[in-house]
Each structure stands twice: as C-alpha cells, then as structure tokens.
Amino acid sequence: MDDDDERYVHTQHDGNARFPGENTNDEDGEDYASDATEGHDDEDEIYEGEYQGVPAHSDGKSRDGQVSMGQPVSDSLRERKELEQERLAEEEELAQQYELIMQECGHGRFQWQLFFVLGMALMSDGVEVFVVGFVLPSAETDMCVPNSGAGWLGSIVYLGMMVGAFFWGGLSDKVGRKQCLLISMSVNGFFSFLSSFVQGYSMFLFCRMLSGFGIGAAVPIVFPYFAEFLSREKRGEHLSWLCMFWMIGGIYASAMAWLIIPHYGWSFSMGSAYQFHSWRVFVVVCALPCMCAVVALTFMTESPRFFLEMGKHDEAWMVLKQVHDTNMRARGEPEKVFTVSTILSLPQYDFSLGIYCFLYIIFSLQIWLTFMKCFQYPVKDNTIKLAIVWFTLSFGYYGLSVWFPDVIHHLQSDEYASRVKIHNDERLEDFTFNFTLENQIHTNGVFINDRFISMKMKSVTFIDSTFQNCYFDDVSTVGSLFKNCTFIEAFFYNTDIDDSKLVGSRVINSSFHHNKTGCQMTFDDDYSAYWVYFVNFLGTLAVLPGNIVSALLMDKIGRLSMLGGSMVLSGISCFFLWFGTSESMMIFMLCLYNGLSISAWNSLDVVTAELYSTDRRCTGFGFCNALCKLAAVLGNLIFGSLVGITKAIPILLASAVLVGGGLVGLRLPDTRGNVLM
C-alpha cells in the first residue's frame, strides 16, 4: 500500500475495487463529489490521497439496481432473501476493505493513545468491583445496618452494572461508542463521588446503584471500540494487553484500601449527625480513574467502523486519515500519503447524536430490536454458547472473589474466638475500669460502686451479671453485649450503651444522659483490616503472569484453546480450595486460581468482540456482560449465605460450573482469522 501502483479506488456502485491501470466505464463511474471534494470538476486529476467520497445520487433514485441511502426497498422490487444476500456480500466486502485500510494506517501512536484512554475506563470498572467488597464491612457498621440488610450493597451495585451493560451496549450500536462511553463514565464518576458524602444507607445504595449503572458500559464498549481500530494480526494481542487495566484497577483499589481504610484518624465529624470516616475518603480516591477517563475521552475520535455502518462516509475517511497521519508522523514519515480515496459503505438511516435521538432510540425499542438480532441466524447458536460461558466464568470468579474478605474474616474470627478469656462468679467493688477490655466473657459477675471511665469494650459479653451503683462515662462498645444483666441505680453519660446492647436486661432506677448516636467505629490497632486488603492485593497481583502469557500467546495458540484450557484448570484449582484449612493455604490457592482464570477472561473478551458484526457488536457484548453481572449477584448471595456454615458447597459448585463452561467454550467458532464484519 506504500507505492502508487498499490493505490486503490473503491467505488460503491459496482461493489469492486478499482486499481490504477484498469479500464472503467466513464458513463457509469462518473465522479459524484462529496462535501470533502466540493469544487472539483469531472476533468480534475485525482491526486493520490485525495478523498473522492461515496457516489451519492442527487435525484434520490437508485442507479443500476442500487438503493439510495435512507430509502428502503419494498419487497416488490426484490425478494427479501436476495436483499439479505446482497447486504451480506456488501458487509463482507466492506470488512475486507476496512482490514486493508487498517493495515495501511498501521499500528502506532494513535492506537497507543486510545489504548491508555480506554484502559483508564476499564480500570474504573475493576475499581468499582473491588470497592464493593472493601467498603461493605465499614459502610454497614458506620450506617448501623442490621444483619437483615447486610450484603445489599454488593448486590445493588451489580444489578446496576447489569442493567447498564445491556442499556449502554445497545445504545452505542445506534449513537456511537465514544458518545455512550463518555456519558456513562460521567454518570459513574458523579454518583461515585456523591456516594462518599451521603449519610443514610438507602441513599448510599441508590448512589452506588447509579454508579454501577454508569460503569456497566465500560466492558461492552471498550473492547469493541478498541478492536475497530486494530488490524487482524494485532487484535488478539492488544486486546489482551488492554485487559491488564482491569487488573491494575484491582491493584489500585486494594492498595488504596490498605493505605486508607484502616487509618480511622483520617476522618472528621460535624456533631453526631455527620460522620466522614476513612472509608469515605477511599470512595473518593477510587472515583479518580473514572474522572481521568472522562477528560481523556473528550479528545478521542469516534470509531470509523461505526461511522461506515451508519453511512457517514466522510466522517469515517477523516478519522482514518487522522489515524494514518498520526502514526506516520510518529514513525518519522510525515510525507507518506493516505492513499484511500473512496470507501464502500452500507446504506443506513442516519442517527444524529442529539438528545432527541437518544429519546427516540430508547422509546422506539431500537435497542431491543438490535438485541433480537443477536438471536437470529447465523449468530444465534454462538450467542447462546457465549452466554453460558460468560455466566459460568463470572459465577465462579465473583462468587469466590467478592466475598473472599468475609472468608478471611471468618477464619480470623474463629482464631480470635479460640483466645477468648472467660471470667466466672467474679465480684468487684469500688474498682475503676479505665482501660480496654477485649475478647472476654463475664458470667454471673457482681459489680458494686465500680466506675467505667473513658474506656472501650471490644467483643466483651456480660451474662447474668449485676451492676449496682455503677458509673459509666465515655464508654464505647464494639461487638459487646449485656445479656440478662441487671442494672440498679446506674448512671450512664456519653456512652453508646442502648437497648440494642441490653439483651434481656433489666434497668432499675438508672439514668442515661447524652448518649452517643450512630454506630461507633473504633478500630485502633485492627490488624485484620490490613490483612484482608493485603490478601486482596496479592490475589489481584497474581493475575499479572496470566495476563502476560495470554497476550503473548493469544494469536499463537488460539482463543478457544486458551479459553477452554484456562477455565478447566481454574476449576480444578478452585476444587482444591476445599482442602485449605489455614489462611496461608487459602491465600495461595486463591492466587493460583486468579492467575489461571485471567486467561479465560482475556480470550472471552477477544472472542466476543470478534464474533458479532458492527451493527450488533456492543449489543451482544452488553448482553453477555449483563449475564456476567447477574451471575455475580447470584454468586454473591449464594456464597455469602454459606460463609461460616460450609465451604464445600460453594467451592464444589464453582469448580463444576467453571469446568462445564470451559467445555462449552471449546465449541465456539475460532475467530483468530476473522475480519471485523
């Protein structure tokens, strides 16, 4: 494509590529100038790199049996089957030409710029997933969430991501990849930032749900968007490299949680009504990658492949020329000319990018109609297989990973409970408690004229004990209870002891003054918090070798071999988690599982982006990713309900679905040699 003798001119009215030296029919092939070449006469010489546009007949009529843009053909002119075959042939021809154009544009600075911008968007998706698990314990404690409401935060975020994936994926096939990604990331950034300031749990859930709705667009749009700027031989490798940003997002979230959340001094309050604890600082910091992605996206261009699908020939040519010129300047060859002068395109109705277009597409069921195309021949069977693979892989991964902090916490709780100190039948008079009581059980105790001043009780339980003429001042209790106790003429001042802490207890002639409101978070020297975040950091970092291997081998051993092999191996490693009886063993097996499963995720992203045609690529990706989030919700609920009860069922279930999904994935078509239809 570098020399004049390799330059081609593509004309739409005969559907064939014209190369210099071939005879053309001047009568049929007259020059219909587009806006880009306005002012040229028919006798003007066509210079190399001068854009000639696409033949557009001003009289609105078709010529040589062709269809004018925006004018649907009635069934009386041609049989529907013939029209479908003709369109399929045009799609194949356009795909082949587009592949040649991308090869001429080369792979260089433009793709790397887009790589990092889209990587920031994908990183935001990874951060959103990990934020759920990290803020769940702190947010529910800070907002006094009862056990019946625990776990809703994780579920509501994934439900938002599920709806967002389907909605934004379908919309981007109608109004454009960049437009939808920019709006959706703005929604995510705004509500993520807002959620760090709201105080009520219901409002917090609402903000995180809308945040999830926005970030749901990241995966379904990012991979098709980037794939449409890549040539066939570069696609598998560079889409795999792009997957690394999801891992970077997980590492970023784990590191920030490790550095910020346990530092509970990083907080402030306005009275007892407004509390801004360190976990809220963590939420703000996790919104930064999304905000950076929004700013960077404004400087990117729309996908030229989407422009061609929408019939925007001039816009597509200008973007492709920008790609070519950017890469050539970076190579030190600014004089190299973009030789494409005309591009084949498909007749389409033009959707403008205004607000009325958005409303029309949403309320006219355009998204649903595009979605139904994913279940039509010839992609119906492939859509079903992809759905099974996405669901099973997500169920196993998220089911084990999102609730893994709770598993570690449960193991630590068992070990913590084994060190409990038990005091029976003790009697203390005129004693002052001004130190911390931790991990103790006091049974049948008698406390007379004792003073509890400026102290903390952590995991302390008093059972059948009597407190007579006792004074409680500035007392904080975390995980502490008074069961069946009796308080006689006791005085409480500035404590958090209330009815929820007095289980079955009697209070006689006692008074409470200036009680602390809200749930008190006192986690001084809480080593377990550091440990949980550090473990997640290690688990996320463990996927780095798998990312590198999958990127280097994606185009060599094939997508399907990597997909099926990775899922089967990760299922086997997941099965061995059943035999983990210690924290160190569980952590090692988790790292092994993450490292093996990442290759399946990478290959599945590549296969999904390559399997669908441009008019339904993001819609199909969005549907699969919505199923992924649905599986995450189910895994979250099922695995979470079994934490502390049994680990055999969730681990065996995850192992079974991963192996089954891997076998289904091997039956997908190999897309390694495909051009983007």
Side-chain angles (χ1 to χ4, degrees), residues 122 125-126 129 219 223 227 235-251 382 385-402 404 538-578 588-611 621 624-625 627-628 631-632 635 650-672:
L122 194 60
D125 183 82
V129 169
V219 173
F223 287 101
R235 203 160 51 233
E237 177 184 352
H238 288 272
L239 286 177
S240 298
W241 288 123
L242 184 64
C243 293
M244 291 188 66
F245 280 94
W246 199 94
M247 174 204 70
I248 295 173
I251 293 176
N382 295 333
K385 293 174 184 176
L386 276 176
I388 294 173
V389 177
W390 273 93
F391 187 90
T392 53
L393 181 58
S394 177
F395 184 84
Y397 179 83
Y398 287 105
L400 292 177
S401 299
V402 173
F404 187 74
L538 292 178
T540 309
L541 191 63
V543 307
L544 178 59
N547 260 312
I548 296 175
V549 170
S550 63
L552 296 177
L553 300 181
M554 185 68 69
D555 291 318
K556 294 181 172 61
I557 67 175
R559 288 87 159 115
L560 301 187
S561 299
M562 185 167 293
L563 173 62
S566 176
M567 289 188 69
V568 171
L569 290 176
S570 60
I572 295 174
S573 68
C574 173
F575 172 77
F576 284 104
L577 285 171
W578 188 18
F588 172 76
M589 295 307 300
L590 176 74
C591 293
L592 178 62
Y593 166 71
N594 286 349
L596 292 173
S597 63
I598 191 62
S599 296
W601 283 111
N602 293 359
S603 54
L604 187 58
D605 290 332
V606 175
V607 169
T608 308
E610 294 177 334
L611 203 56
F621 216 126
C624 292
N625 199 249
L627 281 180
C628 168
I651 291 176
L652 289 174
L653 182 60
S655 179
V657 297
L658 285 170
V659 173
L663 296 178
V664 174
L666 290 173
R667 300 187 65 83
L668 286 167
D670 190 1
T671 59
R672 183 169 25 170

Next item on the list: Over all heavy atoms of both residues, which pair between Gly661 and Val389 is shortest? Give the atoms and the distance, please.
Entry: O-CG2, 3.6 Å
Check: Are the side chain of Ser566 and the backbone of Leu596 linked by a donor-acceptor contact shorter than 3.5 Å?
Finding: yes
Next item on the list: For Met244 and Val543, run side-chain contact (heavy atoms from CB on, under 4.5 Å): C-alpha distance rounded to whole Å, both residues' side-chain angles, the deciding distance at 0.1 Å, then the answer.
Entry: CA-CA 9 Å; Met244 291 188 66; Val543 307; over 6 Å; no
Margin query: Would you compute the distance between atom CD1 of Ile572 and atom CE of Met567 and round it to the nearest 0.5 angstrom?
Written below: 12.5 Å
Next item on the list: Please name the pair of heavy atoms, one in Lys385 and one in Val664, separated by the smallest distance, quoted to 0.1 Å.
Entry: O-CG1, 4.0 Å
Next item on the list: Give, for atom CG of Leu627 and atom OG of Ser394, the distance between the pair rounded to the nearest 0.5 Å.
Entry: 9.0 Å
Next item on the list: Answer yes or no: is there a side-chain heavy-atom contact under 4.5 Å between Ile598 and Ser550?
Entry: no
Checklist line | Partner residues of Thr608 under the side-chain hydrogen bond (donor to acceptor under 3.5 Å, both in side chains) criterion, sequence neighbours left out | finding: Trp390
Note to self: Could you report the tightest heavy-atom contact between Asn602 and Cys243, atom names first, then the distance?
What the structure shows: OD1-CB, 3.0 Å
Margin query: I'd like to know if the side chain of Ser655 and the backbone of Leu652 have a donor-acceptor N/O pair within less than 3.5 Å.
Written below: no
Margin query: To the nearest 0.5 Å, what is the distance between OG on Ser240 and CD1 on Ile548?
Written below: 12.0 Å
Next item on the list: Please report the closest heavy-atom contact between Leu560 and Gly665, naming both atoms and the distance.
Entry: CD2-O, 3.7 Å
Margin query: Tell me the closest heavy-atom pair linking Cys624 and Leu386, and the distance in Å.
Written below: SG-CB, 3.9 Å
Note to self: On a heavy-atom basis, which atom in Asn382 and which in Leu668 lie closest, and how many Å separate them?
What the structure shows: O-CD2, 3.9 Å
Check: Hey, what do you get for CZ (Phe395) to CG (Leu653), rounding to the nearest 0.5 Å?
Finding: 4.5 Å
Notebook entry, point to check: Checking side-chain contact (heavy atoms from CB on, under 4.5 Å) for the pair Asp605/Phe621: CA distance, chi angles, key distance, verdict?
Noted result: CA-CA 8 Å; Asp605 290 332; Phe621 216 126; 3.8 Å; yes
Margin query: As a quick check of understanding, evaluate side-chain contact (heavy atoms from CB on, under 4.5 Å) for Leu658 and Leu393, giving each step before the final call.
Written below: CA-CA 6 Å; Leu658 285 170; Leu393 181 58; 3.8 Å; yes
Could you list the donor-acceptor pairs under 3.5 angstrom formed by side chains in residues 588-595, with sequence neighbours left out?
{"residue": "Tyr593", "atom": "OH", "partner": "Gly396", "partner atom": "O", "Å": "3.2"}
{"residue": "Tyr593", "atom": "OH", "partner": "Tyr397", "partner atom": "N", "Å": "3.1"}
{"residue": "Asn594", "atom": "ND2", "partner": "Gly539", "partner atom": "O", "Å": "3.0"}

Margin query: With rounding to the nearest 0.5 angstrom, report the CG to OG distance, Leu563 to Ser599.
Written below: 10.0 Å
Notebook entry, point to check: Does any non-hydrogen side-chain atom of Trp601 lie less than 4.5 Å from one of Ser570?
Noted result: no
Next item on the list: Taking the side chain as every heavy atom from C-beta outward, state whether Phe223 and Leu122 have any pair of such atoms under 4.5 Å apart.
Entry: yes
Margin query: Run Trp246 and Val129 through side-chain contact (heavy atoms from CB on, under 4.5 Å) and show every step you take.
Written below: CA-CA 10 Å; Trp246 199 94; Val129 169; 4.1 Å; yes
Note to self: For the NE2 atom of His238 and the CE atom of Met554, what is their distance to the nearest 0.5 Å?
What the structure shows: 12.5 Å
